[in-house]
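Contents: one structure, followed by commentary.
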Amino acid sequence: MFVLVLNAGSSSQKSCLYSLEESIPDTPPKPLWEAHLDWTVAQSGGVLTVKSNDIRQRIEVEKKESALQILLDTLTTGKTKVLESFNDINAVGHRVVHGGAKYSQATVIDDEVKKAIASLIPLAPSHNPANLEGIETIEKLLPEVPQVAVFDTAFHTTIPQAAKVYPLPYEYYQKGIQRYGFHGISHQYCSQRTAQILQQPLESLKIVTCHLGNGCSLAAIDKGICIDTTMGFSPLEGLMMGTRCGSIDPQIPIYLMQKYGLNVENVNHLLNQESGLLGVSGVSGDMRAICKAMSDNNEQAQLAFNIYLYRLKKAIGAMVASLNGLDVLVFTAGVGENSAIVREKTCGGLSYLGLQLDLDKNNANPVDKNIAAEDSMVKILVIHTQEDWAIAQMAFNWTI
Ligand code: ADP
């Protein structure tokens with residue numbers, strides 16, 4: 001059985017193919033084929049990198065209209081070929097960034113679901129159109145195959161009203177202004193993997209998951225159910241991120257417009273692309289570059305790092321308050337999985353929770369491991385987030 005996963009972003013398209021037997025394995029398998037189309041690395045056009053059969057191929061792609069078809073063709077032709085025909089594919093899973101308040105779980109795609117994804121374009125202008133394009137391309141190629149939408153917002157639909165509704169006039173909540181939360185596929189996957197790694201029932205655990213990538217968010221998960229998250233109506237709220245500011249006084253954008261004559265587009269760009277680690281450091285939004293600059297005594301980079309950690313610790317404290325306790329703290333995504341110093345500094349400020357890091361374990365490139373000291377009251381896990389695998393499992397469930 002073959003399951004194809006499409007994960008479309010604003011400037012990239014990631015895709016992979018899993019070969020599965022009758023049941024889902026306990027540990028995540030390696031994909032048989034992986035493709036990554038990136039529109040940001042070359043001056044003109046996109047760069048497609050395909051990995052399969054121990055082969056890595058790089059293809060330059062000129063036009064966006066034909067890019068997805070070129071990407072999919074590498075499944076059935078050339079050196080990276082792994083399928084005789086597209087008809088060998090049994091299900092397709094799509095990561096859909098915004099499912100609004102309506103979709104609380106993965107769902108098979110029909111005309112109604114497509115309309116709903118289209119209607120949410122104003123809330124996810126750079127993602128939902130790319131998702132729809134992927135869905136329609138597959139529809140033409142494989143009209144008989146079930147396509148499943150896996151929403152990044154779905155896991156957060158259980159968040160109670162007190163955490164979901166903003167203190168604005170109520171009519172705006174009725175119009176859809178509420179906390180949606182994002183990175184839900186990753187937070188859910190990490191919570192389930194936590195139970196697997198610790199061999200404890202998910203229903204017995206209070207977990208805070210820290211998804212620290214270019215975008216950063218936390219989730220408070222009680223008995224497997226999400227009860228709070230730091231991202232909100234948009235992926236701009238909450239933690240300080242690579243280029244996004246996270247939570248700031250909401251009066252600031254208004255003041256910037258009044259005092260400095262910035263228009264809506266300028267403010268949008270400033271908060272989403274020019275702020276965060278990049279904005280404060282003036283160096284980069286990439287944590288590796290920040291750490292390098294800190295070792296060269298760059299004071300602004302040090303300040304950016306300090307703010308990032310201060311806000312992270314404060315937000316973990318808020319999630320623990322929502323949960324009224326903590327059994328497991330999970331680190332995941334680019335920074336969470338790879339930066340021992342971020343994990344060390346975060347845990348150092350949380351000793352009041354009875355949380356103790358084992359420094360040797362933390363420094364030993366842990367993957368899917370508990371790095372807490374023996375006597376720590378709280379487990380600390382590093383989990384390699386596998387959103388594509390989570391999507392594949394949900395798509396697979398529709399084939400049986
Ligand atoms: P995305 O949110 O785009 O999926 P990732 O989860 O891949 O991003 O995270 C990307 C970020 O991870 C990079 O910007 C970089 O800051 C960080 N990162 C990756 N490797 C390391 C590392 N070894 N040390 C510190 N940060 C790292």
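The structure presented is a predicted model; accordingly, all values stated were derived computationally and were not measured. Ligands are counted one by one from 1 in listed order, and the atoms in each one are counted from 1 as well.
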Below 4.0 angstrom from a heavy atom of [X], which ligand 1 atoms are there? Numbered from 1 as shown, please.
X: Val335; result: 12 (O), 16 (O), 17 (C)
X: Asn214; result: 1 (P), 2 (O), 3 (O), 8 (O), 9 (O), 10 (C), 11 (C), 13 (C), 14 (O)
X: Ser339; result: 25 (C)
X: Ala333; result: 6 (O)

What protein heavy atom is closest to [atom], reported as residue, atom name and distance in Å?
atom: atom 15 (C) of ligand 1; value: Asp286 OD1, 3.2 Å
atom: atom 20 (N) of ligand 1; value: Asn338 ND2, 3.5 Å
atom: atom 26 (N) of ligand 1; value: Met287 CB, 3.6 Å

Tell me whether Lys175 forms a cation-pi arrangement with Tyr172, defined as NZ or CZ under 6.0 Å from the six-membered ring centre and within 45 degrees of its axis.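 That pair qualifies as a cation-pi contact.
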Check whether Trp39 forms a cation-pi arrangement with Lys64 (NZ or CZ under 6.0 Å from the six-membered ring centre, at most 45° off the ring normal).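 Judged by the rule (NZ or CZ under 6.0 Å from the ring centre, within 45° of its axis), Lys64 counts as positioned above Trp39.
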Return the option from Gly334, Cys291, Ser217, Gly215 holding the heavy atom at the smallest distance from atom 18 (N) of ligand 1.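 Among Gly334, Cys291, Ser217, Gly215, the closest heavy atom to atom 18 (N) of ligand 1 comes from Gly334.
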Using distance alone, decide if ligand 1 has a nitrogen or oxygen within less than 3.5 Å of any nitrogen or oxygen in [X].
X: Gly285; result: no
X: Lys14; result: no
X: His211; result: no

Can you label the angle between the Tyr18 ring and the Trp389 ring as parallel, tilted or perpendicular, going by 30° and 60°?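 Rings of Tyr18 and Trp389: tilted, 30 to 60°.
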Can you say whether the rings of Phe233 and Tyr180 are parallel (under 30°), tilted (30 to 60°) or perpendicular (over 60°)?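 Tilted.
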Expected output: side-chain Thr230 to main-chain Gly238 donor-acceptor under 3.5 Å: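 Absent.
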Using modelled atom types and a 3.5 Å cut-off, is there a donor and acceptor pairing between side-chain atoms of Asn370 and backbone atoms of Ile380?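 A pair under 3.5 Å: yes.
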Could you go step by step and tell me if Leu218 and Thr209 meet the side chain to side chain contact (heavy atoms under 4.5 Å, CB included) rule? CA-CA 5 Å; Leu218 306 181; Thr209 43; over 6 Å; no
Distance flag, aromatic centroids of Phe182 and His211, threshold under 6.0 Å: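 No.
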Walk me through whether Leu357 and Leu359 qualify under side chain to side chain contact (heavy atoms under 4.5 Å, CB included). CA-CA 6 Å; Leu357 189 69; Leu359 287 178; 4.1 Å; yes
Below 4.0 Å from any atom of ligand 1, is there a heavy atom belonging to Gly242?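 No heavy atom of Gly242 comes that close to ligand 1.
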Sub-4.0 Å protein heavy atom next to atom 23 (N) of ligand 1: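 There is a protein heavy atom less than 4.0 Å from atom 23 (N) of ligand 1.
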